[in-house]
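Throughout, protein chains are lettered first and strands after them, A, B, ... in sequence-line order, and every chain is numbered starting at 1. Keep in mind that this is a model prediction, so the values were computed, not measured.
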2 protein chains.
Amino acid sequence: MNSDTRTRILMTAMELFWEKGFGSTSIADILSRSQVHSGSLYHFFPGKQDVLVGVLELYRDGIEEWLLKPNWDGVDDPIERIFALLNGYRIQLITTDCTYGCPIGNIALEIHEPDPQVRELLAANFTNWSRAVERCLDAAEDRLPRDTDRAALAEYILTVMEGAVMQARTYRELGYFDRNIAMLREHLGLLESKARAEPVAAV
Amino acid sequence: MNSDTRTRILMTAMELFWEKGFGSTSIADILSRSQVHSGSLYHFFPGKQDVLVGVLELYRDGIEEWLLKPNWDGVDDPIERIFALLNGYRIQLITTDCTYGCPIGNIALEIHEPDPQVRELLAANFTNWSRAVERCLDAAEDRLPRDTDRAALAEYILTVMEGAVMQARTYRELGYFDRNIAMLREHLGLLESKARAEPVAAV
DNA sequence: GTCTTGATTGAATGATCAATCAAGTCATAT
DNA sequence: ATATGACTTGATTGATCATTCAATCAAGAC
């Protein structure tokens, strides 16, 4: 089985969906950039929607290797890992003049009536992302107030990332991203000092 | 001049762009729902893009009357006004089974290469929104730490709203919105208690 | 009364779209 | 050798898209 073609289609579609969105990317766009003919594409994928499914599965399965590992290399402090992850998005914004955002967030807002498979894959991508952040918060458990809902805080950090990228992209100004992340950092700082003020737990 | 038709086109387009997005709304969609014929639409608007411009101008000019006034009626406390505004989005989510989000955020992420006029109108909508929040923060100045960057905090509140709506829509679960807003409320609470702990300013 | 201007009608155009399919290639199994 | 089945080719289809335009209408100005 030749899955080179399938992979080339998915990688190309991934690029294009990120650049132009799902709706604005035509099958013809994918074919010409990937140097694949329409029959081959439809041999591997029943339709355009299934290409999107394949791309979302790639993202879902690649988060560890392609997102976390590069950004966390050399960063040990769990809280700093969170900001290292956010810094990855900052670098994307810089290298694209604030035009590219989060590929998942883009698609999530673009597709208004997703079929269940697509919706679940978008949700799975969000869940994997915030679970990774949650693990960082768990590792920093003793620096946070005892009643901290770490899962909710991780979702919130995803929220801030998505909103910050949205604004930086809309204004075409990195400052909007930076100020938002600074606010988040201040929030986490307040939580840490609140934790320090708590009486030590009984052993 | 008969601008009834123009208005009907814009109101219909506003609805449709919100329901299905800009790209997925065809001119034919607008024509059939608004009971207008193509020639009339093109009499008032050079093209589809200009309909979008008209819609974004309506949003920009209507924020006071259609967004702030309804949500702030009977709410005097400036901080509570912020959460009353956010509650407006919560109600939209409830009444649409978590399918509709922020119309501006949707378009901002959908349009990848906006022409300058569209990009500036999106930015203007964001700016008007966060300025309204900033005015609330200004009114609550004495309850916040003295070094608070209220403009940045207002941008951050917009960020949290957009991210929270995105997640609730993606998961089709209101809880994601609620937990995010609860986190924001906790953050503002921490700021208020930090302000209370500050020494009184010299007069 | 006729001229002018703004507004409306709706069929037509050409581009682009996702998807199809019959004919072909090629490696491997028998 | 030949048969099989995975894969490729690329022209083609029919739907849908934004847009155009000549014709028509309504109503105030001269």
Side-chain angles (χ1 to χ4, degrees), chain A residues 1-57 106-107 110-119 121, chain B residues 1-58 106-107 110-118 121:
Chain A
M1 178 182 61
N2 179 2
S3 69
D4 279 2
T5 303
R6 199 188 116 96
T7 302
R8 191 155 72 258
I9 291 167
L10 285 179
M11 299 300 255
T12 308
M14 188 184 271
E15 279 176 22
L16 284 164
F17 292 165
W18 197 20
E19 288 175 22
K20 332 191 347 170
F22 174 69
S24 303
T25 298
S26 69
I27 296 284
D29 288 335
I30 301 174
L31 298 178
S32 70
R33 187 180 290 189
S34 63
Q35 301 280 36
V36 163
H37 298 269
S38 65
S40 295
L41 187 147
Y42 284 97
H43 174 74
F44 290 105
F45 303 96
K48 192 187 178 191
Q49 187 106 236
D50 304 275
V51 178
L52 175 60
V53 167
V55 166
L56 291 174
E57 285 171 344
N106 288 351
I107 295 167
E110 181 186 347
I111 311 282
H112 284 249
E113 283 165 0
D115 69 27
Q117 199 183 6
V118 168
R119 220 220 73 246
L121 278 166
Chain B
M1 178 182 64
N2 180 0
S3 68
D4 279 2
T5 303
R6 201 188 115 95
T7 302
R8 189 155 73 257
I9 291 167
L10 286 179
M11 299 300 257
T12 308
M14 189 183 272
E15 279 176 22
L16 284 164
F17 292 166
W18 196 20
E19 287 174 24
K20 333 190 345 170
F22 174 69
S24 302
T25 298
S26 68
I27 295 284
D29 289 335
I30 301 174
L31 298 178
S32 71
R33 186 180 290 191
S34 64
Q35 303 278 38
V36 163
H37 298 269
S38 66
S40 294
L41 188 146
Y42 282 96
H43 174 73
F44 290 104
F45 303 96
K48 192 187 178 190
Q49 187 105 238
D50 303 274
V51 178
L52 175 60
V53 167
V55 166
L56 291 174
E57 285 171 344
L58 275 191
N106 288 351
I107 294 167
E110 181 186 347
I111 311 282
H112 283 248
E113 282 166 0
D115 69 25
Q117 198 183 5
V118 169
L121 277 167

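Within the nucleic acid shown, B/Ile27 comes within 4.0 Å of at least one base atom, counting heavy atoms only. Using a 4.0 Å heavy-atom criterion, one finds that A/Thr25 contacts the sugar-phosphate atoms exclusively. Heavy atoms of A/Ser26 sit under 4.0 angstrom from primed sugar atoms or phosphate atoms, though from no base atom.
Side-chain contact between A/Asp29 and A/Lys20 is present, with heavy atoms from C-beta onward closer than 4.5 Å. Annotation: side chain of B/Phe17 is not in contact with side chain of B/Asn106 (no heavy-atom distance under 4.5 Å). Within the 4.5 Å cutoff, no side-chain heavy atoms of A/Thr7 are placed close to those of A/Asp4. Residues B/Leu58 and B/Met11 have side chains in contact (heavy-atom distance under 4.5 Å, counting atoms from C-beta outward).
The OG atom of A/Ser32 lies 8.0 Å from the CG atom of A/Leu16; values are rounded to the nearest 0.5 Å. Note that CD of B/Gln49 is 8.0 Å distant from CD of B/Gln117, once rounded to the nearest 0.5 Å.
As a whole-Å value, the separation of B/Arg8 CZ from C/dA7 P is 14 Å. At whole-Å resolution of the value, CZ in B/Phe45 and P in C/dG6 are 17 Å apart. Residue B/Ile9 contributes atom CD1, which lies 11 Å from atom C1' of C/dT8 at whole-angstrom precision. In this structure, CD of B/Gln35 is placed 14 Å from P of C/dT8, rounded to the nearest angstrom. Regarding A/Ile30, its CD1 atom lies at a distance of 11 Å from the P atom of C/dC17, rounded to whole Å. At whole-Å resolution of the value, CG in A/Asp4 and P in D/dA6 are 17 Å apart. The nearest whole Å value for the distance from the CG atom in B/Leu31 to the P atom in D/dT20 is 14 Å.
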* **Test log, rule side chain to side chain contact (heavy atoms under 4.5 Å, CB included), inputs B/Ile27 and B/Tyr42** => CA-CA 10 Å; B/Ile27 295 284; B/Tyr42 282 96; 3.8 Å; yes

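Residue order along DNA chain C, read from the 5' end via each residue's closest nucleotide, puts B/Leu41 first among B/Leu41 and A/Lys48.
At a cut-off of 3.5 angstrom, counting only N and O atoms as typed in the model, there is no donor on one side facing an acceptor on the other between the side-chain of A/Thr5 and the base of D/dT8.
In this structure, the nucleotide among C/dA19, D/dT8, C/dT8 sitting nearest to the side chain of B/Phe44 is C/dT8. Of the candidates D/dT19, D/dC7, C/dT9, D/dC7 carries the atom nearest the A/His43 side chain, counting heavy atoms from C-beta on. Distances from the side chain of A/Ser38 to the nucleotides D/dT19, C/dT20, C/dT9 place C/dT20 closest. Closest to the side chain of A/His37, from the set D/dT19, C/dG10, D/dT9, is D/dT9.
For the pair A/Tyr42 and C/dA19, the criterion of a side-chain N or O lying under 4.0 Å from OP1 or OP2 is met.
Near DNA chain D, meaning a heavy atom under 4.0 Å from it, residues 12-20 of chain A has no residue at all.
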